[in-house]
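One-based numbering, in listed order, for ligands and for the atoms of each.
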Amino acid sequence: MTLNVKYNNKSNKSSIYVPELARINKIQQISPTEKLFDIVFEDDKNQNNFNFEPGQFVELTVFGLGEAPFSICSNPENKDFFQLCIRDIGNVSGALHRMKEGSKIGIRGPYGNGYFPYEKMRNHNIILIAGGLGLAPLMSLVKYILHHREDYKEVMIIYGAVNPENILFKDDIQYFSSRNDISICVTVDNPDAEWTGEVGVCTKLIPRVDFPVEDTCAVVCGPPVMYKFVIIELEKKNYSSEKVFLSLERRMECGVGKCNHCHIGDKLVCVDGPVFSLWQIKNLKEAI
Ligand SMILES: Cc1cc2nc3c(=O)[nH]c(=O)nc-3n(C[C@H](O)[C@H](O)[C@H](O)COP(=O)(O)OP(=O)(O)OC[C@H]3O[C@@H](n4cnc5c(N)ncnc54)[C@H](O)[C@@H]3O)c2cc1C
């Protein structure tokens, strides 16, 4: 398909809403509903200048259709390309799933001033709790931590998926399992005949973690219903709300704090988040 797009590719852009032209370099189907996209900017200068923090997101444009925010799930240290894990759920995501390698898209960002505070987490044990697609934003942090492994104490991932075929990042999970400096426990709601792992929701694994709470940080990302129950378990263990970090998702339009679509009380998920400490949001009624 030839795209006839009037595209402003100058660096002195007249509008913050004008995306940079990028290309889908590689597509991998990693579950029945999710694909992993490797993305590079068409202009090398944009690629070289693209630096992001774990937990940040981009606004991705499918030309002629619309745009949507997606969390970056690759290692921030990888400067050759970045990755997005996208569920086929609607207009923009569905169009992306129908695209082929080499297709052109637009990218704005990276956005989000609240990212996973990996500096504060140094010299702490880290427990990462993910449900479903929530593993995607956490992957960027996990890869960062593994790249700087000596800066962190024990690292554990607890990951819950609906059923075995929905488990995302299976190759990475296998790799993590082969290392002796990170532990990972995957649980599924609905096991199949071959499944030999844990069964049930991920919250039931939290009581088994025995890291000393005073030097442990917890990071949570998953479907909205999960947060409440995870927080109950973490609070039972007396985790400090300043050491629990959550990535929140809301309907988002502009991504840059102009449209107010993603507000939660006085916070905007796009510019104040998407990662917040529990301490920042625990008194905001609609947050969790
Ligand atoms: C900060 C942030 C990070 C995100 N990261 C990812 C990611 O890494 N991977 C990924 O696949 N998606 C991610 N999303 C969600 C993504 O932005 C889109 O919302 C999603 O892809 C649907 O967009 P669409 O245009 O395809 O669907 P639409 O056509 O807009 O909607 C299809 C259906 O899904 C419902 N829907 C759409 N968005 C949401 C939502 N956010 N919550 C509840 N229901 C919704 C609609 O009501 C409709 O029923 C993220 C969102 C935010 C705010």
Side-chain angles (χ1 to χ4, degrees), residues 19 22 24 27-39 52-76 81-99 103 105-116 128 130-143 159 161-162 166-169 172 219-227 245-264 267-276 280-281 286-288:
I24 299 173
I27 304 175
Q28 299 166 70
Q29 182 96 44
I30 59 168
S31 86
T33 45
E34 276 85 7
K35 285 184 178 175
L36 188 62
F37 296 83
D38 291 10
I39 295 170
F52 67 93
E53 304 286 0
Q56 284 192 303
F57 65 93
V58 291
E59 285 282 350
L60 185 155
T61 300
V62 173
F63 292 114
L65 189 69
E67 61 175 0
F70 296 103
S71 300
I72 308 169
C73 58
S74 46
N75 185 350
F81 59 89
F82 69 92
Q83 289 181 314
L84 305 175
C85 173
I86 297 179
R87 175 171 291 170
D88 184 358
I89 195 175
N91 288 328
V92 172
S93 55
L96 275 163
H97 271 248
R98 292 189 293 278
M99 283 182 169
S103 298
I105 53 171
I107 295 288
R108 294 193 285 128
Y111 293 134
N113 296 312
Y115 50 86
F116 297 117
L128 302 114
L133 187 54
L135 186 59
L138 295 194
M139 285 305 282
S140 163
L141 177 64
V142 175
K143 290 185 173 174
Y159 175 43
V162 173
N166 289 109
I167 295 172
L168 301 175
F169 301 101
D172 293 283
V219 183
V220 189
C221 190
V225 63
M226 188 186 109
Y227 289 85
F245 302 99
L246 310 102
S247 181
L248 299 186
E249 207 181 282
R250 285 294 183 278
R251 290 314 299 261
M252 196 180 274
E253 296 289 335
C254 71
V256 289
K258 304 285 182 201
C259 74
N260 277 355
H261 271 90
C262 63
H263 82 94
I264 305 175
K267 302 264 187 288
L268 290 174
V269 174
C270 65
V271 287
D272 298 318
V275 178
F276 296 90
Q280 281 178 297
I281 56 168
E286 323 92 278
I288 25 188

Taking N or O atoms only and a 3.5 Å limit, does Ile89 qualify as a polar contact for ligand 1? no
With heavy atoms only and a cut-off of under 4.0 Å, state how Glu34 meets ligand 1: side chain, backbone, both or neither. neither
Look only at the side chain of Ser140 and the backbone of Pro137, and say whether a donor-acceptor pair between them is shorter than 3.5 Å. no
Does ligand 1 come near enough to Phe57 that some N or O of the ligand is less than 3.5 Å from an N or O of the residue? no
Atom 22 (C) of ligand 1 touched by protein heavy atom at under 4.0 Å: yes
Please report the C-alpha distance between Phe169 and Met139 in whole Å, then the side-chain angles of each, then the deciding distance to 0.1 Å, and finally whether the side chain to side chain contact (heavy atoms under 4.5 Å, CB included) criterion is met. CA-CA 9 Å; Phe169 301 101; Met139 285 305 282; 3.7 Å; yes
Which protein heavy atom lies closest to atom 42 (N) of ligand 1, and at what distance to 0.1 Å? Arg251 CD, 4.1 Å
When only distance counts, is Pro69 in polar contact with ligand 1, meaning an N/O pair under 3.5 Å? yes
Nearest protein heavy atom to atom 53 (C) of ligand 1: under 4.0 Å? yes
Between the CD atom in Glu34 and the CD1 atom in Ile167, the distance rounded to the nearest 0.5 Å is 12.0 Å
Is Leu133 close to Cys85 at the side-chain level, that is, under 4.5 Å between some pair of heavy atoms? yes
Looking only at protein heavy atoms, identify the closest one to atom 18 (C) of ligand 1 and say how far it is in Å. Ala68 CB, 4.3 Å
Among Val275, Leu268, Val269, find the one that has a side-chain contact (heavy atoms from CB on, under 4.5 Å) with Asp272. Leu268
re atom 31 (O) of ligand 1, the protein heavy-atom contact at minimum distance is Gly90 CA, 4.3 Å
Partners passing side-chain hydrogen bond (donor to acceptor under 3.5 Å, both in side chains) against Thr61 (at least two apart in sequence or in another chain): Glu67
Atom pair CG/CZ of Leu248 and Arg250 - distance to nearest 0.5 Å: 5.5 Å
Tell me the nearest of Glu253, Glu249, His261 to atom 51 (C) of ligand 1, using heavy-atom distances. Glu249
Is Phe52 close to Val58 at the side-chain level, that is, under 4.5 Å between some pair of heavy atoms? no
Quick check: does any side chain N or O of Ser74 sit under 3.5 Å from a backbone N or O of Gln83, one acting as donor and the other as acceptor? yes
So, Ser93 side chain and Ile89 main chain: donor-acceptor pair closer than 3.5 Å or not? yes
Should the pair Asp88-Arg98 be classified as a salt bridge under the 4.0 Å nitrogen-to-oxygen rule? no
Show which atoms of ligand 1 fall inside a sub-4.0 Å distance from at least one heavy-atom site of Leu133. 9 (N), 10 (C), 11 (O)
Answer yes or no: does an N/O atom from Arg250 fall short of 3.5 Å to an N/O atom of ligand 1? no
The protein heavy atom nearest to atom 8 (O) of ligand 1 is Ser71 N, 3.3 Å
Could you find the nearest protein heavy atom to atom 11 (O) of ligand 1 and give me its residue, atom name and distance? Arg87 N, 2.8 Å
Looking at Phe70, which atoms of ligand 1 are within less than 4.0 Å of one of its heavy atoms? 4 (C), 5 (N), 6 (C), 7 (C), 9 (N), 10 (C), 11 (O), 12 (N), 13 (C), 16 (C), 21 (O)
In ligand 1, the atoms that come under 4.0 Å of a heavy atom of Val92 are 24 (P), 25 (O), 26 (O)
Please table the atom pairs, donor to acceptor, closer than 3.5 Å between any side-chain atom in residues 251-264 and protein atoms at least two apart or in another chain.
from: His263; atom 1: ND1; to: Gly265; atom 2: O; distance (Å): 3.3

State the CZ-SG distance between Phe57 and Cys270, to the nearest 0.5 angstrom. 5.5 Å
Can you figure out which of Ile86, Asn91, Val62 has its heavy atom closest to atom 29 (O) of ligand 1? Asn91
Heavy-atom distances under 4.0 Å are what count here, so tell me which part of Val269 touches ligand 1: side chain, backbone, both or neither. neither
Protein contact of atom 26 (O) of ligand 1 - nearest heavy atom, named by residue and atom, plus distance: Ser93 OG, 2.6 Å
Classify the contact between Met252 and ligand 1 as side chain, backbone, both or neither, using a heavy-atom distance cut-off of under 4.0 Å. side chain
Counting heavy atoms under 4.0 Å, the part of Cys85 that contacts ligand 1 is backbone
Measure the shortest side-chain to side-chain distance between His97 and Ile86 over non-hydrogen atoms and say whether it is less than 4.5 angstrom. yes
Could any protein non-hydrogen atom be found less than 4.0 Å from atom 49 (O) of ligand 1? no
Under 4.0 Å, counting heavy atoms only: does Leu84 come that close to any atom of ligand 1? no
